[in-house]
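Basis for what follows: all heavy atoms, side chains included, without hydrogens, waters or symmetry-related copies. Labels below follow one simple rule: chain letters A, B, ... track the order of the sequence lines, proteins then strands, and each chain is numbered from 1. In this text the structure is predicted, and so the values were computed from the model without any measurement.
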Amino acid sequence: MSENNANAAAEGNIFTVSKFNLWYGDHHALHNINMDIKEHTITALIGPSGCGKSTFIRNLNRMNDLIPSTKLEGSILYNNEELVNSDIDVSKLRKEVGMVFQKPNPFPMSIYDNIAYGPRTHGVRNRAKLDNLVTESLKSAAIYEEVKDRMSSSALGLSGGQQQRLCIARALAVQPRVLLMDEPTSALDPISTGKIEELAMQLKEKYTIVIVTHNMQQALRISDYTAFFLLGDLVEFGPTEKIFTKPEDKRTEDYITGRFG
Amino acid sequence: MFEAHKKIINTEKIAYWIFLVLGVMNVGFVLMICVYLLIAGTPAIVKVGPIDFLFGTTWASTAAQPKFGILPFILTSIYGTIGAIVIGLPLGFFSAVYLAKMASRKVKAVIEPMVDLLAGIPSVVYGFIGMLVLVPGIRALFGLPDGSGLLAAIIVLAIMILPSIIKVSITAIEAVPEEYTLGSLALGANKVETIFRVVVPAARSGISAAVVLGVGRAIGEAMAVMMVAGNAANMPDSLFQSVRFLTTAVASEMSYSSGLQREALFSIALVLFAFIMVINGILNMLLKKGIKR
């Protein structure tokens, strides 16, 4: 899997966002966002509900394409390819930039078929190769031991935390470079949350992770960089340690010290 | 104060009994039909002999030496229903996929009410259009002396079952959670792959319910097929054969029948009823399975 990540983009930035604006109809939802996301790091997007962080993350794999009457301006470079209003192959982009959602969403099929779905979609038919991909993905998502004896039973029978790790395994099975996580633990109990956080920290060796979270402690625990969004503005972006200890903006300080949010 | 309370209880009690009676009446109707059909339908089967009745290939109810074999009707009903499903299912299924997942809101707003309208058209109108358009069309297309027959009936039935297949399939497809679609797209699958590999499999119990519902409608339809099937009691050897369905066999002779002939018609109704019961049983099973999942 690692040869996929070998050719890093210039200066180690996998995403370069500059002067990015987004409108839903007349609503100007994101204002002039500038942000570099470095390879093999975890970048946390924090901020109160409705601040635009989930909207923003969906532009990194073009999932915002699904929402009608969206207007975009500016630039997001992924691996030096323009994503904004460009004519790229979104299937290929989404294969490289995987996504894990807030609510675990395994397909109503067997555990094996869930993981094999992505590779099959991208043309892998060889049984041995599929078996290997499934096993490796489940191992990488730290769920293999729990499901190895029931690969053919329905994924819907797993617990919420297991389902979420299965979804991470499913995303890993197409051998992405980036994993976008949109509040992946907000529907989970603390123990499952801990497992996902631990997993995220392991995964950054091979992948780049961008995670949206409501939980500031989570951002502090696992991320290398933190971006604070407020009402569609990127208020502050920098190393997590600095954001949480010496924030430059008064609003960031107020938010992380719990004065609003 | 207490009196007012008492009054409420009284109205509730009255309402309870009214609804109970209404509910029981429904069950009563079904039971009555069942019992009556059994009583009225059994004698002829016994007199003719169950084997001769069900598997006899000749129906000559008014001959000097009458014969009551209903295999032609049974086979016609089965062939006609299968034919209607073979044509109607893909048509209805793909329409449903299109309407539920691909059509723009405007297109959907035009087509969906039309599908509803299709369901509301009386069957005699279908038969009428079939007689005026379909039958002459088949006659001209295949160079036959008469266009009415099994094929015409199949096509009319296929169109008649479309609305139920489309409506039930749409409901089933739309009930599939949006998260499945998002999950699939996020893995790099395109829209068509997502629909056919995730959404449709997730909706399969509802879609099979649509099929069974269509089967039920097709096998129970009488008027429209009577007008286009030619209505002769032949074995359905070819698509152009003039044939009689179980339903039309009952309908076409009932008005002038008597004696054993009349009893045999009741027996045909009983056989039809048995078919419908089995189909409904399957339908209920599928729907229950869908809810469980």
Axial cation check for A:Phe229 ring with A:Lys53, 6.0 Å and 45° limits: no
Just checking, A:Arg170 and A:Phe107: is the charged tip under 6.0 Å from the six-membered ring centre and within 45° of the axis? yes
Part of A:Leu93 within contact of chain B (heavy atom distance under 4.5 Å): neither
Using a 4.5 angstrom heavy-atom cutoff, name the option from B:Arg197, B:Lys191, B:Glu179 with the most pairs to chain A. B:Arg197
Per-residue contact mode, A:Phe101 against chain B (heavy atom under 4.5 angstrom): side chain
Selection from B:Leu185, B:Val176, B:Asn190 maximising heavy-atom pairs under 4.5 Å formed with chain A: B:Leu185
Whether over 12 other heavy atoms sit under 6.0 Å from A:Lys103 NZ: no
Are B:Glu193 and A:Thr121 close enough that a side-chain donor and a side-chain acceptor fall under 3.5 Å? no
With only heavy atoms counted, which part of A:Pro106 is less than 4.5 Å from chain B, the side chain, the backbone, both or neither? backbone
With a distance cut-off below 6.0 Å to the six-membered ring centre and an angular limit of 45° from the axis, does A:Arg177 pair with A:Tyr207 as a cation-pi contact? no
Chain A contact via B:Ser184 - which portion, at a heavy-atom distance below 4.5 Å: both
